[in-house]
**Student:** 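The structure that follows is given in the form of structure tokens.
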Amino acid sequence: MTVKLKNDSSSEDEPLGNGGRKAARPARGSKRRAVKEEESSSGEQEEVLSQEVKKRKTVSKRRAPARKVKEEEGDRDAKKESSVDGEEDSEEFKWWEREEEKDDSVKWVTLRHNGVMFPPEYTPLPSHVRLYYGGKAVELPAEAEEVAGFFAALLQSDHAQNPVFQKNFFEDFLSVLNKHGGARNGIDIQEFSKCDFSKMHAYIQQQKDQKKQLSSHEKKLLKQEKDKQEEPYKFCYLDGRKEQVGNFKIEPPDLFRGRGAHPKTGKLKRRVQPEDVVLNLDKDAPIPEPPAGHKWGEIRHDNTVQWLCMWRENISNSFKYVRLAANSSLKGMSDFKKFEKSRELKNYIDIIRADYRKNLKSKVMLDRQIAVATYLIDVFALRAGGEKSEDEADTVGCCSLRYEHISLKPPNTVVFDFLGKDSIRYYQEVEVDKQVFKNLSIFKRPPKEPGHQLFDRLDPSILNKHLQNYMPGLTAKVFRTYNASKTMQDQLDLIPNEGSVTEKMVRYNAANRAVAILCNHQRTVGRSHAQSMQKATEKIEEYQWQKIRYKKAILQLDESELKANPKFFKEINDLTKEEQMSIHKRVLEREREKYQKKFARENEKRKFEGEELLPESQLESWLADVEEMGKEYVEELETGLVTVKPTLQSVEKLKAQIDKLEQRIRTTSIQMKDKEDNSTVALSTSKISYIDPRLSVAFCKKYDVPLEKVFTKTLREKFKWAIESADENWRF
DNA sequence: TCATAAACTTAGAAGAATGAAG
DNA sequence: CTTCATTCTTCTAAGTTTATGA
């Protein structure tokens with residue numbers, strides 16, 4: 001059989017060299033095209049673009065026989081809207097209660113909005129804040145100063161340490177600098193290493209701090225002002241209904257912060273001008289006024305798309321879109337459709353699984369590859385894995401897995417180790433189906449070597465085409481959604497309907513976590529995580545110490561307690577002298593800090609209000625109290641005799657305190673464990689994108705858990721359709 | 001039929017708001 | 001009430017899939 005396959009495949013395998021990352025890369029077509037476009041005169045461009053619009057319009061008309069009806073309906077809505085323009089229209093559009101609409105190529109009939117909000121112009125730094133080069137202050141033209149400022153702002157971050165980031169930044173910085181005539185005071189900047197951004201950084205930091213220091217009233221005023229500025233852009237009218245816009249702000253210029261080893265990280269992301277922006281509205285919509293002295297790049301009327309505005313970005317020459325918010329009807333409908341589509345998969349999954357198991361032994365290499373890929377996507381929730389270009393970070397998904405990304409340990413263990421989306425590492429040592437293992441070995445056979453594609457016949461479009469044979473609209477990503485929601489359903493089914501809301505939520509989150517782990521949703525451990533873990537450990541230690549002290553105190557009051565319950569006092573010698581001393585030190589140090597801070601804060605306040613300052617002696621007296629406490633601890637250590645507060649001078653009271661301490665130790669340890677388990681797992685992504693929200697709604701209803709425990713305000717708005725349509729018996 | 005452009009979803013980090021502990 | 005850690009929101013990068021045009 002193997003021989004047969006080998007023969008069979010050797011001819012098919014001929015262009016094996018193409019499996020190599022470099023060899024497989026096609027010529028840079030897109031780049032050339034982009035350059036050409038820039039060169040062509042704007043008039044020519046307009047002509048081309050408007051032709052394109054006409055074509056699109058006829059296409060969408062042809063494709064949408066249902067449109068006529070909709071249009072009339074929409075017109076009515078639009079008229080109603082224009083008469084009440086701007087007025088709060090609280091009537092809700094419950095699209096999920098409507099009959100299903102067949103044609104979704106037309107997204108709207110009328111679309112009106114006020115364009116986008118542009119970021120503020122650059123404000124030059126005060127003249128005493130400069131970049132220093134070889135120790136000398138540089139007078140930069142404003143344009144270059146802005147770019148230098150972007151770097152200065154990141155000085156403390158990892159980006160600033162990344163050589164690629166430095167190099168890309170510096171190139172673009174120099175190019176801006178030279179374009180604007182170089183340094184005003186003749187300093188010739190050549191080397192990055194001679195640049196000192198620290199003064200700029202300090203100033204930027206100081207400005208930030210200053211803003212934080214403002215009184216809450218001042219902050220409120222600033223917020224009000226900001227809201228007023230944003231108001232016109234926050235909403236649009238879609239078929240006459242007022243809907244929220246998502247990202248209504250143009251992205252401000254900055255240094256591009258690519259994830260992972262991105263070759264372009266640090267490059268200047270240029271400022272977007274109104275001339276770069278294309279607006280999309282209905283034909284009769286009033287065209288929003290462009291910023292003074294500017295013109296819009298283009299006005300389009302394409303009702304087959306959801307975007308309101310778009311512009312081309314200069315890092316990888318792709319588009320950025322202004323679109324509706326997550327709580328909008330359009331987004332809601334597509335979300336709903338996504339989950340319905342993945343629910344549909346349960347009707348086909350058995351056939352699909354049976355089929356790929358069978359095809360694992362197919363004599364046609366392509367079919368085997370399809371079978372293995374489908375298996376990996378289904379079982380390990382891998383992404384499709386499209387091809388990437390050389391000027392992006394080297395990350396992979398299923399179809400783009402390479403030789404070096406898996407190692408095989410007979411009889412059937414596979415170790416996956418690769419960087420996936422966002423350069424997040426996927427590392428799993430797992431057992432796989434015997435035949436899958438065999439196939440993977442075949443896919444790695446010489447002449448394949450590191451750098452070669454495992455699935456050299458396959459790409460997402462071939463795979464998806466194959467999947468569509470089973471179910472209309474089935475693609476690789478549907479499996480991820482299906483398996484995520486299926487996992488959630490199964491996990492929720494295991495939760496007993498008992499206990500407090502907190503306990504139920506712990507279970508819910510555990511279910512959520514199972515899904516997040518399946519999807520490999522990670523987060524970098526917060527800066528303060530280790531520290532806060534350390535703190536918690538110390539806290540538990542201190543509770544323990546306190547507990548022991550109280551037990552000693554009990555014996556001091558009544559020796560007979562020991563005989564009555566020797567077990568209770570067993571731990572009384574658990575802490576060594578050294579351990580006790582270090583706890584003492586910590587407790588005392590914290591007390592000192594507390595008083596220092598209290599003193600400083602109080603005087604700050606008094607200074608501000610013109611009152612008399614606390615004398616230094618006050619602080620000293622406080623600190624003396626701490627010293628006193630310290631002496632008592634030392635004595636305690638020597639004599640073994642504990643001194644406790646006068647209010648605790650009875651066996652009962654001490655026992656009550658001990659109970660409290662034990663409770664605290666329990667809760668703190670549980671919290672700590674939960675925190676540790678969650679420290680590298682991001683629950684939010686699966687909750688937002690993979691778990692059918694109706695599962696959570698049903699859970700809340702069935703288990704009598706308030707919805708807001710499960711969904712934040714924004715998520716409740718996003719999932720309104722689910723909240724209003726699922727009951728406690730709803731199942732995925 | 002293909003490559004590539006376009007359009008849309010998914011993703012973690014950063015920033016802002018909130019709330020728990022002292 | 002303040003402080004600081006946690007939680008929520010915003011931001012925009014990075015994927016997938018579909019549409020388009022040579």
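Order of the sequence lines sets the chain letters (A, B, ...), proteins ahead of strands, with each chain counted from 1.
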**Student:** How would you label the contact of A/Tyr321 with the nucleic acid (heavy atoms, under 4.0 Å): base, sugar-phosphate, or nothing?
**Tutor:** base

**Student:** Who passes side-chain contact (heavy atoms from CB on, under 4.5 Å) against A/Asp172, sequence neighbours left out?
**Tutor:** A/Lys267, A/Leu268

**Student:** Only one of A/Thr481, A/Thr487, A/Asn512 clears side chain to side chain donor-acceptor pair (under 3.5 Å) with A/Ser686; which?
**Tutor:** A/Asn512

**Student:** Could you check which of C/dT9, C/dA13, C/dT17 has an atom nearest any side-chain atom of A/Lys477?
**Tutor:** C/dT17

**Student:** Calculate the interatomic distance between A/Lys269 atom NZ and C/dC11 atom P; express it in whole Å.
**Tutor:** 11 Å

**Student:** Rounding to an integer number of Å, can you tell me how far A/Phe479 CZ sits from C/dT17 P?
**Tutor:** 11 Å

**Student:** Atom CG of A/Asp227 to atom P of C/dT9: distance rounded to whole Å?
**Tutor:** 15 Å

**Student:** Out of B/dA7, C/dT10, B/dA6, which has the shortest distance to the side chain of A/Thr714?
**Tutor:** C/dT10

**Student:** Are any non-hydrogen side-chain atoms of A/Cys519 and A/Arg480 less than 4.5 angstrom apart?
**Tutor:** yes

**Student:** Is A/Gly258 touching bases, backbone alone, or none of the nucleic acid, heavy atoms closer than 4.0 Å?
**Tutor:** sugar-phosphate

**Student:** Could you say whether A/Gly246 or A/Cys398 is positioned toward the 5' end of DNA chain C, judged by the nucleotide with the nearest heavy atom to each?
**Tutor:** A/Gly246

**Student:** A/Pro460 has a side chain; which of C/dA13, C/dT17, C/dT10 sits nearest to it?
**Tutor:** C/dT17

**Student:** Checking contacts here: which listed nucleotide (C/dT17, C/dT18, C/dA14) is nearest the side-chain heavy atoms of A/His262?
**Tutor:** C/dA14

**Student:** Could you tell me whether the phosphate oxygens of C/dT17, OP1 or OP2, come under 4.0 Å of any side-chain nitrogen or oxygen in A/Asn464?
**Tutor:** yes

**Student:** Answer whether the closest heavy-atom distance between the side chains of A/Cys309 and A/Phe248 falls below 4.5 Å.
**Tutor:** no

**Student:** Rounded to whole Å, how long is the line connecting atom NZ of A/Lys212 with atom P of C/dT3?
**Tutor:** 12 Å

**Student:** Using OP1 and OP2 only, check whether a side-chain N or O of A/Ser334 sits under 4.0 Å from B/dT9.
**Tutor:** yes

**Student:** So which nucleotide from C/dT10, C/dG15, C/dA13 ends up closest to the side chain of A/Lys320?
**Tutor:** C/dA13

**Student:** Map A/Trp307 and A/Lys338 onto DNA chain B by nearest heavy atom, then report which one ends up closer to the 5' terminus.
**Tutor:** A/Trp307

**Student:** Does any non-hydrogen side-chain atom of A/Phe418 lie less than 4.5 Å from one of A/Leu382?
**Tutor:** yes

**Student:** Should A/Thr712 be listed as having a side-chain N or O under 4.0 Å from OP1 or OP2 of C/dT9?
**Tutor:** yes

**Student:** For residues 220-227 of chain A, tabulate all N or O donor-acceptor pairs below 3.5 Å that involve a side-chain atom, not counting sequence neighbours.
**Tutor:**
residue	atom	partner	partner atom	Å
A/Lys223	NZ	A/Asp227	OD2	3.4
A/Glu225	OE2	A/Gln229	NE2	3.2

**Student:** Using whole Å, report how far NZ of A/Lys107 lies from C1' of B/dT9.
**Tutor:** 13 Å

**Student:** Below the 4.0 Å mark, does C/dT12 have OP1 or OP2 next to a side-chain nitrogen or oxygen of A/Lys249?
**Tutor:** no

**Student:** Just compare C/dT9, C/dA13, B/dC8 and give me whichever is closest to any side-chain atom of A/Gln306.
**Tutor:** B/dC8

**Student:** Answer whether the closest heavy-atom distance between the side chains of A/Val277 and A/Ile250 falls below 4.5 Å.
**Tutor:** yes

**Student:** C/dT18 P sits how many Å from A/Leu463 CG, rounded?
**Tutor:** 12 Å

**Student:** Using heavy-atom distances to pick each residue's nearest nucleotide on DNA chain C, tell me which of A/Glu230 and A/Ser461 is more 5'.
**Tutor:** A/Glu230

**Student:** Ion pair present between A/Arg270 and A/Glu313, side-chain N to carboxylate O less than 4.0 angstrom?
**Tutor:** no

**Student:** Roughly how many Å is it from CD in A/Gln534 to P in C/dC4, rounded to a whole number?
**Tutor:** 18 Å

**Student:** Which letters describe nucleotides 11-22 of chain B, given B = protein heavy atom under 4.0 Å from base, S = only from sugar-phosphate, - = neither?
**Tutor:** SBS---S----S

**Student:** For A/Glu717 and C/dC8, what is the distance between atoms CD and C1' respectively, to the nearest whole Å?
**Tutor:** 13 Å

